**Q** 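Provided herewith is a single structure, encoded as structure tokens, for subsequent inquiry.
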Amino acid sequence: MSWPSFFNDSQWIDPGAMDSYQTIGMIHLFSLSGFHVNFLLKHCRYVYLRLGGLVDYFDGLALVLLLVYGTLLAWPYGMVRAIGVYLYQVLCRALGRPPSSLEGTAWALIILLWLKPFALFSLGFQLSFVLATTLLLLDGGIRRLTSRPILRELARSLACSLVSLPFLLAQNHVFSWISLVVNYFYSLLFSSFLIPVLLILLVLHALGLANFFLGFQTLLGQSLHLLEKISLALSQWQGLTWVTGHLPAWLFFLYSLALLAVFASLQEGRIRRKAGLSLLSLLLVIYLWPNLKVQGQVSALAIGQGDCLLVRLPFDQGNYLIDAGSQPQFFDREPWQVRRQTSTVASRDILPALRAEGVRHLNGIFISHSDYDHYGSLAEICEKIPVDKLYLPIGLAQDEAVLADWQGLTRQGWVWLRTGDRLRLGRQATFDIIQPDQLGEGDNEDSLVIWAELYGHSFLFTGDTEGQAEEAMAQRVQGRDLDYLKVAHHGSDHSSPADVLAKLQPRHAVISVGQNNRYGHPSPRVLADLETVGSQVWRTDQMGGIHYIFSSKSATIERTIQLEEGE
């Protein structure tokens, strides 16, 4: 973490550590970044004057240093803002005007948007300027509020947390109140210890003397590794982490008004009761939002060539996954390929989708069978989100190798399912198990098949079932009214024969499939047969995530558009 984070180059930071820093609120440090510049200039000025340099020449040298430093950092938004403010202060002093950090921030904002208008949509840009402006405007009020340095720093941290909350929830749908304390102590640690030490090491490397201090560098590396472990431990603390899902624009608007009222009263050195209660009330609504959703949904997540469906019941009665797939690997990767991997299907697609829906914990995960594209993300999901139960078909009971890897993943263990079982998941939500009816090794024909009745809507989840097992499935559900079919085996030509589809007659057919997959899924024959029976086809490779949103009186289907990388 040391050199890359000092030079603001996050691509070399361990992905798990970076995720932990963002979860606990360390994103504030990286987005503001101004203390890097302030600290650097402060100590360079001290050394320069101690060496007998003239004050009149320091600003010119500082400008050269900042240009070099900004180039090394690749000009991130927070650093551009900090450097721009310093340049404005130098200009004011040259013109005989009193320098203003607030005016410098405003000019940096205007110039940066003129040069790069789309920066406005960057979270780093938003946080850098909004948090910096907040601290500048509230500094006087915080000083009047309390004279104790520790309380002042905590007040600044609280202000940063309250301001950053809507930005983080709008983009990431998660916010951690641990940042209140973490930002204070981490800022102190970075500014008082890590940055000075890293600057010293930078000088030693430039002078070719770093090899004489290998023991010290080892100790520093171990300290940074310990810091990453602490960050990871804090990020796992679920109690103070809010996952809210999509919030409506009106709620953000009301929250912003209440926050402005609190800050306006803070300028007077106090916080008015009505403003404070209004803000607390809106924070409570934000926290409870997932419990207030009157509609449920079944979402086929776009994870590429694999299956993962979210079943979310109204009023947060229950959240379930049907399969937790990952894209299969067709060859062993070299060690350098493993090191370069910056994300997984779970971290890139599944977990963000769950956060976007306000899922804080899963009541259960159903695994259809033991193909990797149906369970590959299971362990990572269970590590990141509390999961109560794992529901498994007896059709994979003889696959001892894969079952050994699933030991201890969930809070309440496993539930074995077979034909005829019924699960009541909510007031108007039942899962009837159609298959399998005998032990197996987790092959396609051993797949778990579920007939679900959710608030008057019917769903058939089929896994990768095929052959005689699929024919038997169709016989068992023939004649039932079917709203939603999860097309078996990604639309493979080996599944979904015409006579099976004729018996099912689904209104909507959803195919989980990856773009340009090597199998040629979905089969043109399957698509034609679905069209023949009058089904409306929905494909995750072309449409992104498919969300069937329902209540007892209505249902609609929405899509989550997936952009190609680089768009």
Side-chain angles (χ1 to χ4, degrees), residues 4-13 15 18-19 21-40 66-67 69-89 100-139 156-157 159-176 179 183 186-187 190 246-247 249 252-253 255-256 259-260 263 342-343 352 355-356 563 565-567:
S5 63
F6 181 68
F7 289 111
N8 211 36
D9 188 1
S10 61
Q11 67 173 320
W12 296 104
I13 302 177
M18 192 62 185
D19 182 64
Y21 292 144
Q22 293 177 345
T23 300
I24 64 177
M26 282 289 287
I27 190 171
H28 297 175
L29 296 178
F30 292 106
S31 64
L32 279 173
S33 299
F35 67 85
H36 284 163
V37 176
N38 295 333
F39 188 92
L40 180 66
L66 289 177
L67 290 174
Y69 191 41
T71 303
L72 288 173
L73 294 168
W75 298 101
Y77 297 127
M79 204 58 58
V80 170
R81 177 197 56 77
I83 293 175
V85 170
Y86 183 81
L87 290 175
Y88 181 77
Q89 291 175 339
S100 170
S101 297
L102 188 60
E103 289 181 8
T105 300
W107 278 111
L109 173 67
I110 293 170
I111 294 173
L112 188 53
L113 287 179
W114 178 61
L115 295 174
K116 196 173 182 181
F118 287 102
L120 183 63
F121 301 102
S122 165
L123 180 61
F125 175 90
Q126 296 166 3
L127 286 176
S128 178
F129 282 92
V130 170
L131 294 178
T133 303
T134 298
L135 292 176
L136 290 172
L137 290 175
L138 295 182
D139 188 64
R156 293 186 182 101
S157 182
C160 285
S161 296
L162 292 173
V163 169
S164 63
L165 182 143
F167 292 92
L168 295 175
L169 290 183
Q171 182 153 327
N172 300 326
H173 315 293
V174 62
F175 181 81
S176 176
S179 62
N183 274 333
Y186 273 46
S187 295
F190 270 67
H246 293 286
L247 296 174
F252 282 125
F253 178 72
Y255 174 84
S256 300
L259 188 59
L260 287 174
F263 285 172
T342 57
S343 64
R355 288 195 295 266
L563 295 179
E565 187 173 346
E567 288 190 275

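This structure is a prediction, so every number in the text was calculated from the model and none was measured. Numbers for residues simply follow the sequence, beginning at 1.
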**Q** Taking atom CG of L131 and atom CG of L136, what is their separation to the nearest 0.5 Å?
**A** 11.0 Å

**Q** Which heavy-atom pair separates Y77 from K116 by the least distance, and what is that distance?
**A** OH-NZ, 3.4 Å

**Q** Quick one: CZ on F263 to CG on L138, what's the gap to the nearest 0.5 Å?
**A** 5.0 Å

**Q** Spell out, as yes or no, whether a donor-acceptor pair under 3.5 Å connects the side chain of Q89 to the backbone of S100.
**A** no

**Q** Drop me the distance from F175's CZ to L169's CG, to the nearest 0.5 angstrom.
**A** 7.5 Å

**Q** Using every non-hydrogen atom in the two residues, find where P166 and Y255 come nearest and quote the distance to one decimal.
**A** CD-CE2, 3.6 Å

**Q** Minimum heavy-atom separation for T105 and F129, please, with both atom names.
**A** O-CE2, 3.6 Å

**Q** Is any side-chain heavy atom of L109 less than 4.5 Å from a side-chain heavy atom of F125?
**A** yes

**Q** Can you tell me which residue among L135, L127, T134, V130 is in a side chain to side chain contact (heavy atoms under 4.5 Å, CB included) with C160?
**A** L135

**Q** To the nearest 0.5 Å, what is the distance between OG (S128) and CG (L123)?
**A** 10.5 Å

**Q** Rounded to the nearest 0.5 Å, how far apart are CD of Q126 and CG of L120?
**A** 6.5 Å

**Q** Please name the pair of heavy atoms, one in S164 and one in S161, separated by the smallest distance, quoted to 0.1 Å.
**A** OG-O, 3.2 Å

**Q** Measure the shortest side-chain to side-chain distance between T133 and L102 over non-hydrogen atoms and say whether it is less than 4.5 angstrom.
**A** yes

**Q** Mind listing the closest non-hydrogen atom pair of R355 and N172 along with its distance?
**A** NE-O, 3.6 Å

